[in-house]
Amino acid sequence: MPDSPLARTVAALQPRARTELAELVAFKSVADPAQFPKSECEAAAHWIVDTLRADGFRDVALLDTPDGTQSVYGFLPGPAGAPTVLLYAHYDVQPPLDETAWVSPPFELTERDGRWYGRGAADCKGGLIMHLTALRALREHGGVPVNVKVIVEGSEEQGTGGLERYAEAHPDLLTADAIVIGDTGNFRVGLPTVTSTLRGMTLVRVQVDTLEGNLHSGQFGGAAPDALAALIRLLDSLRAEDGSTTVTGLAADATWDGLQYPEEDFRKDAKILDGVGLLGDGTIADRIWARPAVTVLGIDCPPVIGATPSVQAGARALVSLRVPPGTDAAEATKLLTAHLETAAPWGARIAVEQVGQGQAFRADTTSPAYTSMAEALQEAYDGAEMQTSGMGGSIPLCNTLAALYPDAEILLIGLSEPEAQIHAVNESVSPEELERLSLAEALFLRRYAG
């Protein structure tokens, strides 16, 4: 870390950052009432409201968004005539998956081997703490030099579009000269990185039905059409022999010209087992940043324990399709739906339901805000130059903000570097990354103010 008064203040704020992150992680704020009580999200939102008010924010409000969730908004006034910067994070999290696979409880922030473990520690409750730490440090050194708006989303992980629709209905609320999305991450720990592209996504639920009811596999198996087998074949049609995504009509041959991702580093980051091959062709960057990628997120069928010798009458899957910039997510949804409807074997009945969608995003890395951020990151990371990379994930709000505020400069930074293992078990955040990025954001706000 650099040795400056501002850097020392950020360092002194780290114990508070850890305490508050622990409080936030404790909320089981999965924005799906079928998995966790809605009260967990509501409690997290109220915690943010109270924190923003205590930090001097005005007009703090809970926004009831059309998808039934709540986002939190606050405004911190700066000097007259100063530019306005919108800071974004989200407080909803992915479900913890198999809690028994966590080394420590997923909703209890735990320090281990120099990292802080807990669901949402990096994605993206840590992003909110990063914003707050940067602003608090600036207040101790002459004040915050810009007008600041903070928006903390309550359903980003669900892709249900609540905040996007709210912003479209209230276009004046989030107007800003620059927008910092605190929901991506460095290419790796210690390498300052801004994300220049995000893949879009569509999420569909596909139901396969073949029989009026389950049948005895000994009496009817071999001739009766098995819905689970039909679903397996249907899902397999979404991949070529080498594992690359093959949705009929969807281009999958683009290339990535920027920062490359060495295969050996990718295998290590992804924790791929020895002897297991990678999917697709082209460079790793081509595959994860420039091309579509289909993933089967879940299948509803009988579990192995308790399964009976039956031919299954119905089966269901949740399918995610990531699409690169330049591909319209709505068109990709149509192509995926048509593929599934036409690829079903044996005349099986297929029903496809869209449950989420978000457009891809490409940032303008030549804007003045990027110059300010590059200088800030270089100082915070002891002279290391800022890199730009893609990100395979999606942040649907980015395109909505770009459309509503075409003159705004949008930057993407955050704490979700590969070791964070976001969306997986044992998610964690690097305290060093939190400290450096908090300092970088504070430095950016100073530089951007002019």
Side-chain angles (χ1 to χ4, degrees), residues 184-188 191 193 195-204 206 231-299 317-340 342-345 357-363 365 387-395 416-419 421-424:
T184 60
N186 288 338
F187 185 67
R188 58 185 62 263
L191 183 63
T193 312
T195 300
S196 59
T197 66
L198 299 168
R199 287 194 293 196
M201 61 83 69
T202 186
L203 192 64
V204 301
V206 55
L231 176 63
I232 292 169
R233 285 207 172 186
L234 178 62
L235 298 176
D236 184 59
S237 74
L238 295 170
R239 293 189 183 278
E241 187 65 28
D242 66 0
S244 56
T245 293
T246 54
V247 175
T248 304
L250 188 63
D253 58 356
T255 58
W256 178 263
D257 296 329
L259 181 69
Q260 292 299 311
Y261 201 153
E263 182 173 324
E264 58 272 22
D265 292 344
F266 179 81
R267 292 188 66 93
K268 180 180 178 182
D269 292 340
K271 294 180 171 58
I272 296 170
L273 300 178
D274 289 344
V276 177
L278 304 182
L279 302 182
D281 61 3
T283 69
I284 298 297
D286 292 342
R287 287 177 257 182
I288 65 174
W289 297 334
R291 297 178 182 176
V294 69
T295 305
V296 179
L297 303 183
I299 296 178
L318 187 65
V319 179
S320 164
L321 175 64
R322 303 282 181 170
V323 295
T327 299
D328 179 67
E331 179 62 22
T333 301
K334 293 178 183 178
L335 293 173
L336 175 61
T337 299
H339 180 111
L340 292 169
T342 57
Q357 182 177 284
Q359 294 290 354
F361 173 78
R362 187 185 302 276
T365 58
Q387 304 293 315
T388 60
S389 74
M391 181 175 174
S394 306
I395 305 175
S416 298
E417 37 74 28
E419 292 181 49
Q421 294 192 170
I422 64 171
H423 293 204

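Only heavy atoms go into these numbers, but all of them, side chains included; no hydrogens, no water, no symmetry mates. This one's a predicted model, so the numbers in the text were calculated from it and none came from an experiment.
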Worksheet item: Can Thr283 and Thr255 be said to form a side-chain contact (heavy atoms from CB on, under 4.5 Å), step by step?
Response: CA-CA 8 Å; Thr283 69; Thr255 58; over 6 Å; no
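Residues satisfying the side chain to side chain donor-acceptor pair (under 3.5 Å) criterion with Arg199, sequence neighbours excluded, are absent altogether. Residues that satisfy the side chain to side chain donor-acceptor pair (under 3.5 Å) test with Arg188, not counting sequence neighbours, are Asp269. For Thr184, the side-chain contact (heavy atoms from CB on, under 4.5 Å) test picks out Thr195, Leu198, Met391, Ile395, Leu412, with sequence neighbours left out. The side chain to side chain donor-acceptor pair (under 3.5 Å) check on Thr248 picks up His339, with sequence neighbours excluded. Scanning for side chain to side chain donor-acceptor pair (under 3.5 Å) contacts around Gln357 gives Thr333, Gln354, with sequence neighbours left out. Considering only residues two or more places apart in sequence or on other chains, Leu273 meets the side-chain contact (heavy atoms from CB on, under 4.5 Å) condition with Val276.
Residue pairs meeting the ring-ring contact (aromatic ring centres under 6.0 Å, His included) criterion with at least one member in residues 261-282, sequence neighbours excluded: Phe187-Tyr261, Tyr261-Phe266. For residues 325-335, there are no salt bridge (charged side-chain N to carboxylate O under 4.0 Å, His left out) pairs, not counting sequence neighbours. Among residue pairs with one or both ends in residues 235-244, none qualify as salt bridge (charged side-chain N to carboxylate O under 4.0 Å, His left out); sequence neighbours excluded. Each ring-ring contact (aromatic ring centres under 6.0 Å, His included) pair with one or both residues in residues 267-299, not counting sequence neighbours, appears once here: Trp256-Trp289. Listed by first and then second residue, the salt bridge (charged side-chain N to carboxylate O under 4.0 Å, His left out) pairs involving residues 275-299 are Asp281-Arg291, Asp286-Arg291 (not counting sequence neighbours).
Within the model, atoms OG of Ser320 and CG of Leu297 stand 5.0 Å from one another, a figure rounded to the nearest 0.5 Å. Here the CG atom belonging to Leu191 is positioned 11.0 Å from the CD atom belonging to Glu417, to the nearest 0.5 angstrom. Once rounded to the nearest 0.5 Å, the distance linking CG of Leu235 with CD1 of Ile299 reads 5.5 Å. Going from atom OG1 of Thr327 over to atom CG of Leu335 covers 9.5 Å, rounded to the nearest 0.5 Å.
With a 4.5 Å cut-off on side-chain heavy atoms, Leu238 and Leu336 count as touching. Side-chain contact between Leu250 and Leu321 is present, with heavy atoms from C-beta onward closer than 4.5 Å. By the 4.5 Å heavy-atom criterion applied to side chains, Ile284 and Leu278 are counted as neighbours. Pro324 places a side-chain heavy atom less than 4.5 Å from the side chain of Pro292. Annotation: side chain of Val294 is in contact with side chain of Val319 (closest heavy-atom distance under 4.5 Å).
When all heavy atoms of Thr388 and Leu259 are compared, the pair lying nearest together is O-CB, 3.4 Å. Summarising the geometry of Ser416 relative to Ile422, their closest heavy-atom pair is OG-CG2, 3.5 Å, with the distance given to 0.1 Å. Across every non-hydrogen atom of Ala329 and Gly358, the tightest pair is CB-O, 3.3 Å. Between Ala293 and Thr245, the shortest heavy-atom contact is CA-OG1, 3.3 Å. Asn186 approaches Pro418 most closely through the heavy-atom pair O-CD, 3.7 Å. Taking both residues in full, the closest heavy atoms of Ser196 and Thr365 are given as CB-CG2, 3.8 Å, listed atom of the first, atom of the second, then distance.
Not one N or O on the side chain of Gln387 forms a donor-acceptor pair closer than 3.5 Å with the backbone of Thr193. Using modelled atom types, one side-chain atom of Thr342 and one backbone atom of Ala338 make a donor-acceptor pair closer than 3.5 Å. Remark: the backbone N or O of Ser237 is paired with a side-chain donor or acceptor of Thr246 at under 3.5 angstrom.
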